[in-house]
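Some notes on the structure that comes next.
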Amino acid sequence: MPELPEVEITRRGFASRIAGARIEGLRLGQPLRWPLGIVADELVGRTVVQVRRRGKYLLLDLDQGVLLVHLGMSGRLRFDTMLPPPGRHDHADLQTTQGTLRLHDPRRFGALVWAAAADAGMAGKLLSTLGVEPLEPGFQPESFYQALGRRSAAIKQVLLAGDCVVGVGNIYACEALFQAGIRPTVRAARLSRPRVARLHAAIRDVLQQAIARGGSTLRDFAGVTGELGYFQLDAAVYGREGLPCKRCGTPIRKTAQGARSSYFCPCCQRF
DNA sequence: CTATGGACCTGAATGC
DNA sequence: TGCATTCAGGTCCATA
């Protein structure tokens with residue numbers, strides 16, 4: 001489900017409301033992708049200082065340690081003082097003095113991981129391989145060009161790999177490549193400086209537009225209070241196979257790369 | 001080191 | 001109607 005915009009929308013929906021809260025308990029449902037890494041009861045009494053985002057991870061900074069949350073493909077968070085009894089797919093309830101943070105995740109590709117510090121243990125391992133944040137000043141055309149120059153894989157797959165730049169998933173990779181006029185199958189290292197500069201700008205633009213629209217609700221994404229996203233209505237190519245390109249009218253094509261679908265306009269993205 | 005494919009898991013949509 | 005197959009917003013890991 002969630003790429004950077006959806007994770008950021010989720011973060012904004014509860015960060016200020018949970019800040020300063022004291023943890024009163026943690027109820028766990030079925031196992032998620034990784035074990036929590038601590039006995040749930042040991043979290044009781046700790047305070048949530050702030051909520052940050054790194055790539056598609058949310059980091060709950062506690063007064064002692066950090067809780068890392070990933071939404072996987074189907075994860076969704078709620079935060080409220082009154083929640084219904086946990087259902088079949090509600091796999092974690094972090095109860096605090098200011099409300100309960102509930103992780104709902106039917107496919108269970110998501111995770112809740114504790115670490116003594118953001119660079120320690122499993123959390124440290126997960127975070128250490130991440131690329132540059134696309135919406136922060138460290139994301140620059142020249143360094144992006146240099147990074148892509150070392151990769152011979154298809155540009156779409158390099159974007160999804162998340163080691164050059166983070167947060168770009170299947171929807172926004174397709175959209176950014178369309179906006180930059182680049183075919184998803186081009187090998188990353190073959191892109192010229194000007195084209196990488198276009199892609200750099202397109203990634204930032206697409207992600208910012210998506211955040212402004214509340215993310216994309218394809219089937220079940222919603223923010224922490226249930227609000228839906230609307231970016232999918234603006235999508236130029238994603239999910240539009242056979243429909244006319246919004247720019248030139250040519251039917252959008254769909255192709256497989258790895259196990260993922262790529263959508264592109266064969267006319268606007270010639271090479 | 002890089003590139004590729006399988007693995008994890010459930011539910012909805014599609015096809016016979 | 002029933003059952004099998006395919007696909008879905010992610011990303012780690014083993015293999016070549």
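These numbers were taken from a predicted model, which means no experiment stands behind them. Residue numbers start from 1 in every chain, and the chains themselves are labelled A, B, ... in the order their sequence lines are given, proteins ahead of strands.
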Inset, instruction - Report yes or no: is there a donor-acceptor pair, N or O only, under 3.5 Å between the side chain of Arg108(A) and the base of dC9(B)? - result: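 Check fails, no donor-acceptor contact within cut-off.
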Inset, instruction - Measure distances between side-chain N and O atoms of Arg151(A) and base N and O atoms of dA3(B), and say whether any donor-acceptor pair falls under 3.5 Å. - result: no
Legend entry - Between dA3(B) and dG9(C) - P atom distance, rounded Å: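 One P to the other, the span is 22 Å.
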Legend entry - Any side-chain heavy-atom pair of Val49(A) and Leu62(A) under 4.5 Å: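 No, every pair of side-chain atoms sits at 4.5 Å or beyond.
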Inset, instruction - Could you tell me whether the side chain of Arg102(A) reaches within less than 4.5 Å of the side chain of Pro84(A), counting heavy atoms only? - result: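 A side-chain contact exists here, since the closest heavy-atom pair is under 4.5 Å.
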Legend entry - Toward the 5' end of DNA chain B, by each residue's nearest nucleotide, Arg88(A) or Arg33(A): Arg33(A)
Inset, instruction - Nearest-nucleotide wise, let me know which of His89(A) and Arg187(A) is further upstream toward the 5' end of DNA chain B. - result: Arg187(A)
Inset, instruction - Just call it for Tyr57(A): base, sugar-phosphate, or nothing, with non-hydrogen atoms closer than 4.0 Å on any strand. - result: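 The residue Tyr57(A) makes sugar-phosphate contact but no base contact.
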Legend entry - Nucleotide paired to dC9(B) in any strand shown, Watson-Crick or G-U, under 3.5 Å: none
Legend entry - Watson-Crick or G-U wobble mate for dG9(C), both contacts under 3.5 Å: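 With both distances under 3.5 Å required, dG9(C) matches none.
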Inset, instruction - Would you confirm whether Arg240(A), through its side chain, and Cys245(A), through its main-chain N or O, come within 3.5 Å as a donor-acceptor pair? - result: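 Not a single qualifying donor-acceptor pair exists.
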Legend entry - Considering all heavy atoms, the nearest Leu233(A)-Lys246(A) contact: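 Smallest interatomic distance, heavy atoms only, reads O-NZ, 3.4 Å.
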Inset, instruction - Could you grab the distance from atom NE2 of His104(A) to atom CG of Leu77(A), nearest 0.5 Å is fine? - result: 11.0 Å
Inset, instruction - Tell me which of Lys254(A) and His70(A) sits closer to the 5' end of DNA chain C, going by the nucleotide each one is nearest to. - result: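 Between the two, 5'-proximity favours Lys254(A).
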According to a strict under-4.0 Å criterion, is [X] in side-chain N/O contact with OP1 or OP2 of [N]?
| X | N | answer |
| --- | --- | --- |
| Lys56(A) | dG9(C) | no |
| Ser261(A) | dA8(C) | yes |
| Lys125(A) | dC13(C) | yes |
| Arg260(A) | dG9(C) | yes |
| Ser152(A) | dA3(B) | yes |

Inset, instruction - Tell me which nucleotide among dG10(C), dA8(C), dT4(B) gets nearest to the side chain of Gln157(A). - result: dT4(B)
Inset, instruction - Could you work out which one of dT4(B), dA8(C), dG9(C) sits closest to the side chain of Phe221(A)? - result: dG9(C)
Inset, instruction - Decide, applying a 5.5 Å centre-distance limit and a 30° plane-angle limit (both strict), whether Phe109(A) stacks on dC8(B). - result: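 Per 5.5 Å and 30° rule: yes, stacked.
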